[in-house]
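Since the structure comes first, as structure tokens, the remarks are kept for the end.
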Amino acid sequence: MYNHNRIEKKWQQYWLENETFKTDVWDFSKPKFYILDMFPYPSGDGLHTGHIEGYTASDALSRMKRMQGYNVLHPMGWDAFGLPAEQYAIKTGNHPDKFTLQNIQVFKRQLIEAGFSYDWSKEVSTSDPSFYKWTQWIFKNLYLDGLAKYADMPVNWCEELGTVLANDEIINGKSERGGYPVVRKNLKQWVIDMPKYADRLLDNLDDLEWPTSTKEIQKNWIGKSVGAKISFDVKGIEEKITVFTTRPDTIFGATFLVLAPEHDLTKHELIKNKKEVSEYLEITQTKSELERTELSKEKTGIKLEGLVAINPFNGKEIPIWISDYVLISYGTGAIMAVPAHDQRDYEFAKKFDIEIIEVIKGGDIAIEAYEKDGQYVNSDFLNSVDNKKDGIELTINKLEELKKGEKAVSYKLREWIFARQRYWGEPVPAIHFEDKIEVLDDSELPLVLPELEDYKPSQKGQSPLEKAKDWVNIEKDGRKGRRETSTMPGSAGSSWYFLRYLDPKNENEIADKKLMEHWLPVDLYLGGDEHAVGHLLYSRMWNNYLYDKGIVPVKEPFKKLFHQGMILGANGEKMSKSKGNVVSPDELIQTYGADSLRIYEMFMGPLESDKPWSDTGAEASRKFLERVYRLYQTIKIEDKPNNNLERVYHQTVMKVTNDYNELKFNTAISQMMIFVNAVYKEGHLPLEYAESFIKLLNPLAPHITEEIWTKILKHNHTIAYEAWPSYDEIKTVSDTYEMVVQVNGKIRGKIDVSMNTSKEEMENLAKEIPNVKSNLEGKQIVKIIIVPNKLVNIVIK
RNA sequence: GCCGGCCUGGCGGAAUGGUAGACGCGCUAGACUCAAAAUCUAGUAAUAGAGAUAUUGUAAGGGUUCAAGUCCCUUGACCGGCACCA
């Protein structure tokens, strides 16, 4: 039995005292490796098993890379501002300010006790003024460059949380935090113009080594559609109605237009049925987002009497309707409805008895809309065109000639709603003067969050900062103004924190340019997949923007991305307090030790999969480490070679090295187990192998290996920078192998032969095996397939 | 509805188109022990057989191939994302 508590404490202290893992970022003499973890928000719950999982993986890779001679940057910090941290504080009756600091202390202790090799001299916290000075500075620049705007627009309002929310913070019409209802509301709000970067965020994905699923999620979220904008004249008035459509070629089937309820024209004075229209608008406005998008519900709408649109090609009059199935936030907020070839328009037309004109043959429009390809009919100049692509192109060309339309793209990606009417965030560094808005000068940053006793959200849409009257009302150059009282969302600080680790104390810029040039991009970014459309999109956008400004030298911040899977409870369900299936890292470290916990979480299965927890499995990892420790105490370690172990040793070095690089820790561990089993069987261990094996195990079990390295192998300093073992690929293969003999693909025999036996010899040996012989009896050999150094397959008839 | 992923023993899982089940857990038997734990040894996909061996077997069905867990098609279950996006 080894005493994990004593050994682990001792080495954790040693690493801290000796600053073993402090990175000299200015040392450019070695190849760099920047390996980044998604930093946690410091809730009072402390670390959970999922944190340990991802952080162990990145830590193991960091430790190997150091031993391989890389200058490794492996930092950690705190996503300390934002809704999660603030909600947690409110829930537990604490002030977020001190509470956050307290929680950070707990997290840091836990990370140290797990044996992670972070360089704590690079620690950052998003709620620290010296950090958020630069968050505000980036915002200021976004504003000056027209990418941050104060605009009147429909936003997501959550009454319960007392704030607006971004689209990625809403799941199925409810707030991600707390699951409260969210409604659409028109409000003046700070937004960041994500759509402006939509194309680049899409195109750059091709160059990133990211999981395909994450790329797909981002592609879907950006939701690029190519089509056309078509402008319809409205009879008798100046205003036109512009619609966006991906199928301009179906325009001869457009039998009505539909406007979103929020569309400007719904308030036009020539509308005859104003009363009914405003009644309809009122009903739709009180609906929550969830109700409005209920798919199962029947379509509703109302016809605008007194206004008709004109088809630009044939002058046909087209009625105009309002319906909430058209969204103001997508395209132009108006569509041309082609009921014959769009199911939604079809349902609407059926319900309100509107004409349905078939323009593409192939379906039966008496039953349903036909949305596939086919020959054009009833379509004037398009009737002779035989495919969709040409039809669309020709239509757009004609529209352009008539000056009635043009090619257009539309995105689902919307503005990032950037303000929160909450206390715990970076103050937006802007002042509202009577005539205009101004952002603060660099010299006025950071704009420090005022201390407030009562920081709780109000339900009237006002920020708690309104209460800090002295702070809000200011006079500048003789003009009276009011500070913006909204704060920034949680994702603000996390959109650029990876830059700050390079140079966390720099007071003059985000980070020294030379450092950014050397260290960026992040070589490997590890974290959960729940940030696929939030943080991972925002930070890409900010980085692209900073690249455009010449501040950051790379377009994309994270070259390679990896998501660890979730660790589930033993019952296969997500760990949660209410289900009572949560396991606590503190307890596990106390019982089994950090090394055991690390080994177990890496051995459970592939890093990327969700895996259920098992108590016996955690115990088994402890037993493996015991077995290793016992091996070094009981087996004879001598400075002389052992041919019986040579092959398995080289195989182990090769497999462990390759698997670590690919984050396949489960198979690396099983190979180390195979090696240990082989050594026990042999009863003897050459010194070279003994030392190398401890190096191989060190990244996953750093404490026990440091102990063995110094106490048993008698070295007088840390193993952290010892050279990583090398292997000889030739020595990984034996000189004999088990040749498999198949008859018609079924195994009929196996025989040991020497490597590189000739094909003829292989065939002859195969035919001599009794069981093969009897299978061949009386049969005709059709073909013999020989795979050198592997197998013989005899095909018979 | 659209997009992506996944499905292998009792369990976690392993398998560059070439011996399915590595490694570990659990279980069974044995050694050690007064006994237990720990440790060690052997066994452990199913069916039949004392055994050699044979047959079946990677969600279901089909296909390609000398050879399929792996490639292709169809279907199903589960997980995730988006969803009245024109």
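Note that the structure is predicted; figures quoted are calculated from it, not measured. Just so we're on the same page: letters track the sequence lines, and every chain starts at 1.
Only the P atoms considered, B:A67 is 26 Å distant from B:U75, to the nearest whole Å. Straight-line distance between the P atoms of B:A22 and B:A42: roughly 15 Å, to the nearest whole Å. Taking the P atom of each, B:A29 and B:G18 are spaced 39 Å apart, rounded to whole Å. Spacing between B:G81 and B:G26 at atom C1', rounded to whole Å, works out to 37 Å. Rounded to whole Å, the C1' atom of B:A37 lies 15 Å from the corresponding atom of B:A31. Comparing the C1' positions of B:G17 and B:U58 gives an interatomic distance of 15 Å, to the nearest angstrom. The gap from the C1' atom of B:A68 to that of B:G62 amounts to 14 Å, rounded to the nearest Å. Across B:A15 and B:C23, the matching P atoms stand 13 Å from one another, rounded to whole Å.
Counting only heavy atoms from C-beta on, A:Asn220 has its side chain closest to B:G81 among B:G81, B:A38, B:C84. For A:Ile674, the side-chain atoms get nearest to B:C23 when compared with the rest of B:A86, B:C23, B:U39.
Straight-line distance from the CD atom of A:Gln343 to the C1' atom of B:C84: 11 Å, rounded to whole Å. As rounded to whole Å, 9 Å separates atom P of B:C25 from atom CZ of A:Arg627. Separating the CD1 atom of A:Ile599 from the C1' atom of B:C23 is a distance of 13 Å, rounded to the nearest angstrom. A:Gln780 has its CD atom 15 Å from the C1' atom of B:C66, to the nearest Å. Between the C1' atom of B:G4 and the CD1 atom of A:Ile217 lies a distance of 7 Å, rounded to the nearest Å.
One finds no side-chain N or O of A:Lys611 lying less than 4.0 angstrom from the OP1 or OP2 phosphate oxygen of B:G12. Using a 4.0 Å cut-off, some side-chain N or O of A:Asn666 falls inside it from OP1 or OP2 of B:A14. For A:Ser225 and B:A86, the shortest distance from a side-chain N or O to OP1 or OP2 is below 4.0 Å. Contact annotation: A:Lys681 does not reach the phosphate of B:C40 (side-chain N/O to OP1 or OP2, under 4.0 Å). For the pair A:Tyr325 and B:A86, the criterion of a side-chain N or O lying under 4.0 Å from OP1 or OP2 is not met. At least one side-chain nitrogen or oxygen of A:Asn677 sits closer than 4.0 Å to the OP1 or OP2 atom of B:G24. Between A:Arg630 and B:A38 there is no side-chain polar atom (N or O) within less than 4.0 angstrom of OP1 or OP2.
A:Lys623 comes within 4.0 angstrom of sugar-phosphate atoms only, judged by non-hydrogen atoms across all strands, and of no base. Residue contacts shown for A:Val795 are limited to sugar-phosphate atoms, with no base heavy atom under 4.0 Å away. If you check every strand for non-hydrogen atoms under 4.0 Å, A:Glu619 touches nothing. Across all strands, A:Lys746 comes closer than 4.0 Å only to sugar-phosphate atoms, never to a base (heavy-atom distances). Note on A:Ser614: nothing from the nucleic acid sits closer than 4.0 angstrom, heavy atoms only.
For the residue pair A:Thr214 and A:His563, a side-chain donor N or O sits within less than 3.5 Å of a side-chain acceptor on the partner. If you check the side chains of A:Asp615 and A:Tyr592, you find no donor sitting under 3.5 Å from an acceptor. Side-chain atoms of A:Tyr280 and A:Thr300 include a donor-acceptor pair closer than 3.5 Å.
Panel note: side chain A:Gln343, backbone A:Ala369; a donor-acceptor pair is recorded below 3.5 Å. With A:Tyr680 contributing its side chain and A:Arg627 its backbone, the two residues share a donor-acceptor pair below 3.5 Å.
Of the residues listed (A:Gln564, A:Glu53, A:Glu601), the one engaging A:Lys611 in a side-chain hydrogen bond (donor to acceptor under 3.5 Å, both in side chains) is A:Glu53, and it is the only one.
Under the side chain to side chain donor-acceptor pair (under 3.5 Å) criterion, A:Ser576 pairs with A:Ser578, sequence neighbours left out.
Using a 4.0 Å cut-off between charged nitrogen and carboxylate oxygen, A:Lys767 and A:Glu763 count as a salt-bridge pair. Under 4.0 Å is where a charged nitrogen must lie from a carboxylate oxygen, and between A:Lys219 and A:Glu216 at least one such pair does.
Because its glycosidic torsion is within 90° of 0, B:G9 is reported here as syn.
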With B for base contact, S for sugar-phosphate-only contact and - for none (protein heavy atoms under 4.0 Å), nucleotides 47-54 of chain B reads ------SS
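Mapping A:Asp345 and A:Ser621 onto RNA chain B by nearest heavy atom places A:Ser621 at the nucleotide closer to the 5' end.
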RNA chain B base-pair string [pairs: Watson-Crick or G-U under 3.5 Å; |: paired with another strand]:
(((((.(..(((.....[....)))((((((.......))))))((((....))))..(((((..]....)))))).)))))....
